[in-house]
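These notes are about the structure you will find just below.
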2 protein chains.
Amino acid sequence: MPGIPEKKSILDDLAGRGLRLTSQRRAIVETIQDAQGHLDAATLLKLAQKREPRVNRATVYRTLDLLKRLRLIDELDLMHLEGEKHFYETRSKSGHFHLACLSCKKILEHDTPTFARLKQEVSDETGFSIDVVRLEVGGQCPACRNLSGGNSPLKDREVL
Amino acid sequence: MPGIPEKKSILDDLAGRGLRLTSQRRAIVETIQDAQGHLDAATLLKLAQKREPRVNRATVYRTLDLLKRLRLIDELDLMHLEGEKHFYETRSKSGHFHLACLSCKKILEHDTPTFARLKQEVSDETGFSIDVVRLEVGGQCPACRNLSGGNSPLKDREVL
DNA sequence: CTGCTGTTGCAACTGATTCGCAAATAGATA
DNA sequence: TATCTATTTGCGAATCAGTTGCAACAGCAG
Ligand SMILES: [Mn+2]
Ligand SMILES: [Mn+2]
Ligand SMILES: [Zn+2]
Ligand SMILES: [Zn+2]
């Protein structure tokens, strides 16, 4: 196993394809890689501008699109809990999927061997060559579940 | 098993909750139920207006939101192959998931017992009470796979 | 039939993302 | 290092999906 060369991997990949390493791309990519959670485009712009003020919103979207097409990042909907924006995370930490609590809006990451098996089965059964798999679950986290009383799920009051 | 009362189930559900069965809701709900494939809001509006011209775009969105919250329909992203719009289908035909061919943009529905097992596992392992599960796969369908030559996946030309 | 209250149409508005084009610049080349 | 050129960017306007406030409308209980 290498030391910690993981850090520059996306930029290396871009360079390897003959793409230009502009200061903007560096700032955007490094921001995504250093981010703890899931970033939306607006947040990514703000954070990237701390590293390189000359980053424009359009460039963020163009770079996200590029990284998506190169399969270096994954796009998440996270059940669109607030608005229609999307979120992004690096592929390296991939394999997991996301649970969104519809009450407290927290996002939980999870994985289980059955998920990998499912992908394999889908590939085998359908003949698809799979590029992206997005599994998202919406529900109520254990904390919110207790908090909202132990009665029946989905009382009218809560949903209407 | 009942005869074919399935048809009115959504409207019955709405009525049972004391919600009003307006001509607009009828048109929208029946359009969704009769639809073969996956409808986006704009298409749904157009089709619903054939049954009842007095259907407005806002009402379509409000009704979709209502049906979503009541868990009577599911919202799909279908990998946002074109634009950022969403698609809808009735819950009754639920249980399956969707494969989107990134080349020909066809949508394939699929299911496998492992999918049900996965949901159960997720529920057990995380303690979440699950309301919605969305599994979407992006890739290349068998037809497009052959068509694009048997060489390595993702040539630069195709992605840049 | 009447009245109350939930629903709707309208048209303006928002938020997210995309676009065309001229200016800037990374990286190859001399 | 200076030059060249295709790629990338900034800008600001445009598009697209979805939302909203409010007055008019219309289910449906009584
Ligand atoms: Mn994640
Ligand atoms: Mn989406
Ligand atoms: Zn919660
Ligand atoms: Zn295809």
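Ion pair B:Arg71/B:Asp131 flagged as a salt bridge, since at least one NZ, NE, NH1 or NH2 atom sits closer than 4.0 Å to an Asp/Glu carboxylate oxygen.
In this structure, A:Ala42 reaches neither bases nor backbone, as no heavy-atom distance under 4.0 Å exists between it and the strands shown.
Residues satisfying the ring-ring contact (aromatic ring centres under 6.0 Å, His included) criterion with B:Phe115, sequence neighbours excluded, are B:Phe97. With sequence neighbours excluded, the residues forming a side-chain contact (heavy atoms from CB on, under 4.5 Å) with B:Thr31 are B:Leu39, B:Leu44, B:Leu47, B:Ala48, B:Arg51, listed by chain and number. For the side chain to side chain donor-acceptor pair (under 3.5 Å) test, no residue two or more places apart in sequence or in another chain qualifies with B:Arg26. Partners of B:Thr114 under the side-chain contact (heavy atoms from CB on, under 4.5 Å) rule, at least two apart in sequence or in another chain, are A:Thr114, A:Arg117, A:Leu118, A:Glu121, B:Thr112.
Dense packing is recorded around NZ of B:Lys105, with more than 12 heavy atoms of other residues, nucleotides or ligands lying under 6.0 Å away.
The CD-C1' distance, from A:Glu52 to C:dT25, rounds to 13 Å in whole Å. One atom, NE2 of A:His86, and another, P of D:dG18, lie 10 Å apart when rounded to the nearest Å. Rounded to whole angstrom, the span from the OH atom of B:Tyr61 across to the C1' atom of C:dC10 amounts to 16 Å. Atom CG of A:Asp77 is separated from atom C1' of C:dT17 by 14 Å (rounded to the nearest Å). Nucleotide D:dG18 holds its C1' atom 15 Å from the CZ atom of B:Phe87, rounded to whole Å. Atom pair A:Arg17:CZ and D:dT8:P shows a separation of 13 Å (rounding to whole Å applied). Distance, B:Leu39 CG to D:dA17 P: 15 Å, rounded to whole Å. If you take CG of A:Leu21 and C1' of D:dT9, they are 15 Å apart, rounded to a whole angstrom.
The nearest heavy atom of DNA chain D to B:Asp65 and to B:Ser23 marks one nucleotide each, and the one closer to the 5' end goes with B:Asp65.
Here B:His80 and A:His86 bring their ring centres to under 6.0 angstrom of each other.
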Taking only N/O atoms, report every protein-nucleotides 6-8 of chain C pair under 3.5 Å with atom names and distance.
residue : atom : partner : partner atom : Å
C:dG6   : O4'  : B:Arg20 : NH2          : 3.2
C:dG6   : N3   : B:Arg20 : NH1          : 3.2
C:dT7   : OP1  : B:Arg20 : N            : 3.4
C:dT7   : OP1  : B:Arg25 : NH1          : 3.0
C:dT7   : O5'  : B:Arg25 : NH1          : 3.2
C:dT7   : O5'  : B:Arg25 : NH2          : 3.2
C:dT8   : OP1  : B:Thr22 : OG1          : 2.8
C:dT8   : O3'  : B:Gln24 : NE2          : 2.8

Could you write out each protein N or O paired with an N or O of nucleotides 12-15 of chain C at a distance under 3.5 Å?
none

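Pairing each heavy atom of A:Asp111 with each of A:Gly95, the nearest pair is OD1-O, 3.5 Å.
Distance from the side chain of B:Ala58 is smallest to C:dA11 among D:dC28, C:dA16, C:dA11.
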Could you please spell out the steps behind the side-chain hydrogen bond (donor to acceptor under 3.5 Å, both in side chains) verdict for A:Ser23 and A:Glu52?
CA-CA 7 Å; A:Ser23 64; A:Glu52 165 56 90; 3.2 Å; yes
